[in-house]
There are 4 protein chains.
Amino acid sequence: MSTDVRHKVRDAAIALFAQKGVKATTVRDIARAAGVSEGALYRHWPSKEELAADLFAAEYTAMSQSLRDAAGHGPAPERLRRVIHHAFHLAEAAPDRTRFLLLSQHESLPLVPQGQETPVDVICGIVADGIAEGSIVPADRDALSHIVIGAIVLNVQSQVYGRQKAPLATLAGPIADAILNGISRTGAGQ
Amino acid sequence: MSTDVRHKVRDAAIALFAQKGVKATTVRDIARAAGVSEGALYRHWPSKEELAADLFAAEYTAMSQSLRDAAGHGPAPERLRRVIHHAFHLAEAAPDRTRFLLLSQHESLPLVPQGQETPVDVICGIVADGIAEGSIVPADRDALSHIVIGAIVLNVQSQVYGRQKAPLATLAGPIADAILNGISRTGAGQ
Amino acid sequence: MSTDVRHKVRDAAIALFAQKGVKATTVRDIARAAGVSEGALYRHWPSKEELAADLFAAEYTAMSQSLRDAAGHGPAPERLRRVIHHAFHLAEAAPDRTRFLLLSQHESLPLVPQGQETPVDVICGIVADGIAEGSIVPADRDALSHIVIGAIVLNVQSQVYGRQKAPLATLAGPIADAILNGISRTGAGQ
Amino acid sequence: MSTDVRHKVRDAAIALFAQKGVKATTVRDIARAAGVSEGALYRHWPSKEELAADLFAAEYTAMSQSLRDAAGHGPAPERLRRVIHHAFHLAEAAPDRTRFLLLSQHESLPLVPQGQETPVDVICGIVADGIAEGSIVPADRDALSHIVIGAIVLNVQSQVYGRQKAPLATLAGPIADAILNGISRTGAGQ
DNA sequence: AATGAATGAGTGTTCATTCAT
DNA sequence: GATGAATGAACACTCATTCAT
């Protein structure tokens, strides 16, 4: 069944892209790891580049959904706190997917179709709400959002690359405190 | 003169690597853009990969120096504020170099020789000083540092990729305020 | 069919190696002459050098078999006589293969896997038998063998390179007479 | 002085050609080993190939002279015996030169200028004399000569390549005995 | 005369993609 | 639909030769 091929290829490709990057992974690598033929891959995706872009977009928008769900409702600072915790949780639960997203962002991000909601959009949205409701300092919305995103991405990266030994779960609290302390209007993150 | 070739190749290669990445840039591209022969390149670097790694390491450690110099002396929060301003200044002054560093970090960072001081080390050092002197909250040193680094990197990236239209110079103040507000002990960035 | 490619490449490569040597023959030459693509060659051999070594070993050990079969049974001098005749026959019947073996011996001989029987081994074996049975003079086995081998190789070479115009078939008898006269114990070649 | 360069290049080139063959030896290899610049080489020879051909021809004709001198005068069988002994002596005394001649014969022999006397000519001459004077059996002159040459070349090669462990000096007598026994008319080598 | 950096055509090899089976 | 052998345009890299100094 074709879904079978798609799943096997997706998992194999993400693992390989995460290890070596898209350019350094060959179609043969993927086919072998997935246990399918090289030709079969081309029945589901038009090219290796499109496979990579497709997988990236899928993972990226799935993460978007997941973060929005995790944010829930309530004041912006509380929602951001939950987003930070959840992002760290996702990164630790699926290191391959995380490495893939980190590694491929520069080549694949520009190919994500316009209109798809991204994790960046989710966080920018929450920050915008916070500014509107007065719970977040009235500064440039994107600049503040990228402080939050940067705290997440760089700490994840630091762990993926082995500099940070402590589990992200234990760091999430203090990191959220610092960030929210910095951007909340009342000076308290909760 | 040999310095001539080195300089021309370096500039051409950084520009091309910044546009297309190392893998997608061919040796012929570089040689043509630099106005030298392909063979000449191999008199100065043993391979394309080593050229890329060498340029990355050089720019990365130069940035390290530059940030350390800009930090100057005084309480850690003030030094961090100056680092943030200077990092934004560097990014805007040399967009090619910035794109190159952002794009190549995942492949070239592991190849930077151990013992070289990196921008990450510089910021971690200041944060450690701040924790020791009591001007920064006593949390995980690396986690706090990566909040600062993340704020810098993601805002730079956001501008390089065109999402952020405002010049970084105007954002530096508010961003530094938020970050320092979040991690300083007295609750004030200065 | 894969056997198809292997055969076409083998024949083309032997002809080209025989004319210009392995180093001076390009993979492009071989592919063109064989009527296959360059890539196809690499599905069957890992490199040009391994192709050359493989072809050499195959021809060399095939000649070994062929000489051993031709030697048949009986007193050593008679077997050697048949070997000389057969070697000359092989050289005249397949001049490309002969030129290839002569030209490539210095680079490919060291790569023939240990344990494979070579034409040298065949002749040394017969000479050893002859010494044991008393039909050949009791001198250094390898030295005597290389007299026989030398008579074959140099006369073949002399013809392949055009110095010797007479067909080897007519020279085989006198050459065998002289050699066997020289190394047989009774002083008679049969 | 130019003779200086010529000598240093000649010695270095012969050693390298003997180890790796002409094709696998680079001009840079030679220049480095000789302690001269690459350009200097081109002031004395027009190309690497001509250098190789020139060195081959020089060594080849020098060997020719040397063998003719060693042959001396007297009946052909005695002269051949002295040639065999001397050839083995030369091979053992200068292994580099020997390996160079063996390795390069197929590419360089055709380039030796016509009219130069070669070692092959020397031996053919002696054999022709022997046939004329009745000391050697009246068979094809070249065929008989190549028996002698083959005995020399293959035994030398066998030692150079390590199959034959015994020193050639101790094998020269028995080998000469066998050969001369085979081709002399009286049935005695002396 | 000597140097050695520069040249650039040519090499072996790879790999995304196609297509006969 | 699936296969995997075949294709051939690139690619990184080498090296004989030239020539400004």
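We name chains A, B, ... by the order of the sequence lines, and we start the count at 1 in each one.
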Greater than 12 external heavy atoms within 6.0 Å of C/R163's CZ: yes

For residues 34-41 of chain B, which side-chain donor-acceptor pairs fall under 3.5 Å, sequence neighbours excluded?
{"residue": "B/S37", "atom": "OG", "partner": "B/A40", "partner atom": "N", "Å": "3.2"}
{"residue": "B/E38", "atom": "OE2", "partner": "B/R28", "partner atom": "NE", "Å": "3.0"}

With sequence neighbours excluded, residues passing side chain to side chain contact (heavy atoms under 4.5 Å, CB included) with B/Q116: B/T61, B/V112, B/P113

Nearest-angstrom distance from the residue atom CD1 of D/I30 to P of E/dT3: 15 Å

Residues within residues 11-24 of chain D bordering DNA chain F, heavy-atom distance below 4.0 Å: none

Phosphate contact (F/dA6 OP1 or OP2) by C/H44 side-chain N/O below 4.0 Å: yes

5'-to-3' dot-bracket of DNA chain F (Watson-Crick, G-U; under 3.5 angstrom; crossing pairs as [ ]; | other strand): .||||||||||||||||||||

Contacts under 3.5 angstrom, residues 101-111 of chain A side chains, donor-acceptor by atom type, not counting sequence neighbours:
{"residue": "A/S104", "atom": "OG", "partner": "A/F100", "partner atom": "O", "Å": "3.0"}
{"residue": "A/Q105", "atom": "OE1", "partner": "B/Q157", "partner atom": "NE2", "Å": "3.3"}
{"residue": "A/Q105", "atom": "NE2", "partner": "A/L102", "partner atom": "O", "Å": "3.0"}
{"residue": "A/H106", "atom": "ND1", "partner": "B/Y161", "partner atom": "OH", "Å": "2.3"}
{"residue": "A/H106", "atom": "NE2", "partner": "B/L102", "partner atom": "O", "Å": "3.2"}

5' priority, DNA chain E, between D/V36 and B/V36 [closest heavy atom]: D/V36

A/L90 and A/T98, any side-chain heavy atoms less than 4.5 Å apart: no

Under 3.5 Å donor-acceptor pairs involving side-chain atoms of residues 13-23 of chain A, not counting sequence neighbours:
{"residue": "A/Q19", "atom": "NE2", "partner": "A/A15", "partner atom": "O", "Å": "3.4"}
{"residue": "A/K20", "atom": "NZ", "partner": "A/D29", "partner atom": "OD2", "Å": "2.9"}

Which nucleotide in E/dG12, E/dA16, E/dT3 has an atom nearest any side-chain atom of A/T26: E/dA16

Value in whole Å for how far the C1' atom of E/dG12 lies from CZ of C/R32: 15 Å

Spacing between A/W45 atom CH2 and F/dA2 atom P, to the nearest angstrom: 12 Å

Gap between atoms CD and P, on C/E50 and E/dT13 respectively (whole Å): 9 Å

Test side chain to side chain contact (heavy atoms under 4.5 Å, CB included) applied to B/P46 - qualifying residues, sequence neighbours left out: B/E50

d(CG, C/D4; C1', F/dA5) in whole Å: 12 Å

Residues in salt bridge (charged side-chain N to carboxylate O under 4.0 Å, His left out) contact with B/K8, at least two apart in sequence or another chain: B/D4

Partners passing side chain to side chain contact (heavy atoms under 4.5 Å, CB included) against A/E117 (at least two apart in sequence or in another chain): A/S64, A/R68, A/D121, A/V122

Salt bridge (charged side-chain N to carboxylate O under 4.0 Å, His left out): pairs with one or both residues in residues 51-64 of chain B, sequence neighbours excluded: B/R6-B/D54, B/E59-B/R97

Distance in angstrom units between A/L41 CG and E/dC15 C1', rounded: 13 Å

Non-neighbouring partners of C/Y42 that pass ring pair (Phe, Tyr, Trp, His ring centres under 6.0 Å), sequence neighbours left out: none

Can you give me the N/O atom pairs linking the protein to nucleotides 17-21 of chain F at distances under 3.5 Å, or say none if there are none?
{"residue": "F/dT17", "atom": "OP2", "partner": "D/Y42", "partner atom": "OH", "Å": "3.0"}
{"residue": "F/dT17", "atom": "OP2", "partner": "D/K48", "partner atom": "N", "Å": "3.1"}
{"residue": "F/dT17", "atom": "O4", "partner": "D/E38", "partner atom": "OE1", "Å": "3.4"}

Spacing of B/L51 atom CG relative to F/dA12 atom P, expressed in whole Å: 11 Å

